[in-house]
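Please read these numbers as outputs of a predicted model, since none were measured by experiment. Reminder, nothing fancy here: chain letters follow the sequence lines and each chain counts from 1.
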2 protein chains.
Amino acid sequence: MVQKLHTAPDASGPSPAGDPEPKSTRERILDVALDLFIDKGFDKTSLREIAEQLGVTKAALYYHFASKEDILMALHMRLHEFGAEAMGRIGTHEPTAALWGELLEEMVDQMLANRKIFLLHERNQAAFEALHRQEHEAAHDDLQEQFRKVLSDPRVPTRDRVRMAASFGAVMAGIFVAGNAFDDISSSELSQLLRSTVRDVLG
Amino acid sequence: MVQKLHTAPDASGPSPAGDPEPKSTRERILDVALDLFIDKGFDKTSLREIAEQLGVTKAALYYHFASKEDILMALHMRLHEFGAEAMGRIGTHEPTAALWGELLEEMVDQMLANRKIFLLHERNQAAFEALHRQEHEAAHDDLQEQFRKVLSDPRVPTRDRVRMAASFGAVMAGIFVAGNAFDDISSSELSQLLRSTVRDVLG
DNA sequence: GTCTATATTTCGATAGAC
DNA sequence: GTCTATCGAAATATAGAC
């Protein structure tokens with residue numbers, strides 16, 4: 001279910017059905033916005049810029065999205081789907097360092113495959129918080145919210161709580177390390193090295 | 001030299017000289033801006049807000065700072081001073097995992113003491129990048145720049161490069177973990193647990 | 001669905017008095 | 001060093017034609 005997230009690029013050669021299945025304008029808007037929001041940040045990216053890079057006008061965007069924040073919300077949903085089942089699993093069991101480690105190791109490859117979505121959130125924390133503030137919706141089953149809950153759980157030994165946070169941070173740093181310092185490392189090698197690190201932190 | 005960073009709060013009781021040494025307006029502006037930039041982000045914080053919380057008008061700010069970005073730059077300097085000597089040390093030697101670990105362990109306590117400055121940078125990466133783009137100054141001896149250089153160094157084994165990044169991410173996550181999930185853990189205990197984690201990652 | 005206007009607001013920044 | 005008043009720019013968002 002999660003694998004589907006990296007919306008199969010049309011660069012996969014001639015499709016079997018012969019149908020190019022061109023991306024919807026809505027999807028193309030999201031793709032452009034994702035890149036710009038990562039590069040320049042949500043606030044410093046104007047709708048004019050997004051429209052220009054897409055070859056349409058600002059007004060066209062408003063046909064597909066009610067507001068600029070609505071675009072951000074749509075992108076947020078991609079992460080939400082991503083973490084839904086993962087967090088569901090850890091939410092039901094009593095959280096332990098061992099289970100956390102298993103889960104995190106499984107997530108490494110998925111995080112690598114969906115780098116951009118995580119990068120977007122890492123680099124626009126303030127914008128997403130503002131988003132959450134105004135929708136004080138009942139079920140705040142957010143990914144970060146779940147994280148906080150587990151890491152605050154008094155049933156878990158202090159040492160393990162810190163190690164859980166640290167292991168996650170280690171993976172994030174490995175994947176999103178400043179700029180492109182790891183571009184010469186293959187995904188599979190990086191994945192292996194990070195999973196090994198997780199084991200050392202939580203083992 | 002670095003210890004001086006957390007600008008001795010005037011809450012340290014009656015000062016020996018009897019002089020309360022009230023903070024300069026400039027410093028008070030920076031303090032308010034720091035909190036707001038962390039909480040709402042640089043872009044979503046208006047000068048009007050800063051001035052209001054300070055009990056002055058917008059125009060007063062312009063007497064102390066040439067622009068809004070100038071305020072951000074002044075805050076950036078606090079981090080710059082912080083990392084100058086640390087990075088100087090690792091810059092001269094051939095970077096090794098062992099040296100990196102030593103340095104990182106020493107930094108943990110200083111990072112804990114200067115949480116806010118690091119948090120500011122973590123949460124406003126886009127704003128700081130924009131700052132750096134327009135000053136294509138010669139000596140770009142920035143903290144992040146130095147990090148990139150070390151982590152890209154081909155002389156260092158791939159495994160160690162990843163572990164260096166991971167160990168730093170582990171510390172960052174431990175200190176800035178989502179919200180206040182670790183508020184019940186004392187600084188000294190957190191420091192000890194994080195340094196132990198660093199050793200496990202790099203040892 | 002996309003366009004050409006235009007409305008509305010907010011913000012950063014400046015001028016000049018005190 | 002701080003104020004009042006205002007400028008000019010840029011952005012989000014809307015109205016209505018095609």
Inset, instruction - Please name all residues satisfying ring-ring contact (aromatic ring centres under 6.0 Å, His included) with A/F118, sequence neighbours left out, ordered by chain then number. - result: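 A/F82.
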Inset, instruction - Name all residues meeting the ring-ring contact (aromatic ring centres under 6.0 Å, His included) criterion together with B/H76; count only those two or more places apart in sequence or in a different chain, and write none if there are none. - result: B/H121, B/F128, B/H132
Inset, instruction - Could you tell me which residues satisfy side chain to side chain donor-acceptor pair (under 3.5 Å) with A/E69, sequence neighbours excluded, listed by chain and number? - result: A/Q134
Legend entry - With sequence neighbours excluded, residues passing side-chain contact (heavy atoms from CB on, under 4.5 Å) with B/E106: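 side-chain contact (heavy atoms from CB on, under 4.5 Å) check on B/E106 returns B/R89.
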Inset, instruction - Take nucleotides 2-15 of chain C nucleotide by nucleotide from the 5' end and write B, S or -, depending on whether a protein heavy atom sits under 4.0 Å from the base, only from the sugar-phosphate, or from neither. - result: BBB------SBBBB
Side chains of residues 51-66 of chain B: which donor-acceptor pairs under 3.5 Å do they make with residues two or more places apart or in other chains?
| residue | atom | partner | partner atom | Å |
| --- | --- | --- | --- | --- |
| B/E52 | OE1 | B/R48 | NH1 | 3.4 |
| B/E52 | OE2 | B/R48 | NH1 | 3.2 |

Inset, instruction - Specify the separation, in whole Å, of atom CD1 of B/I29 and atom P of D/dG1. - result: 11 Å
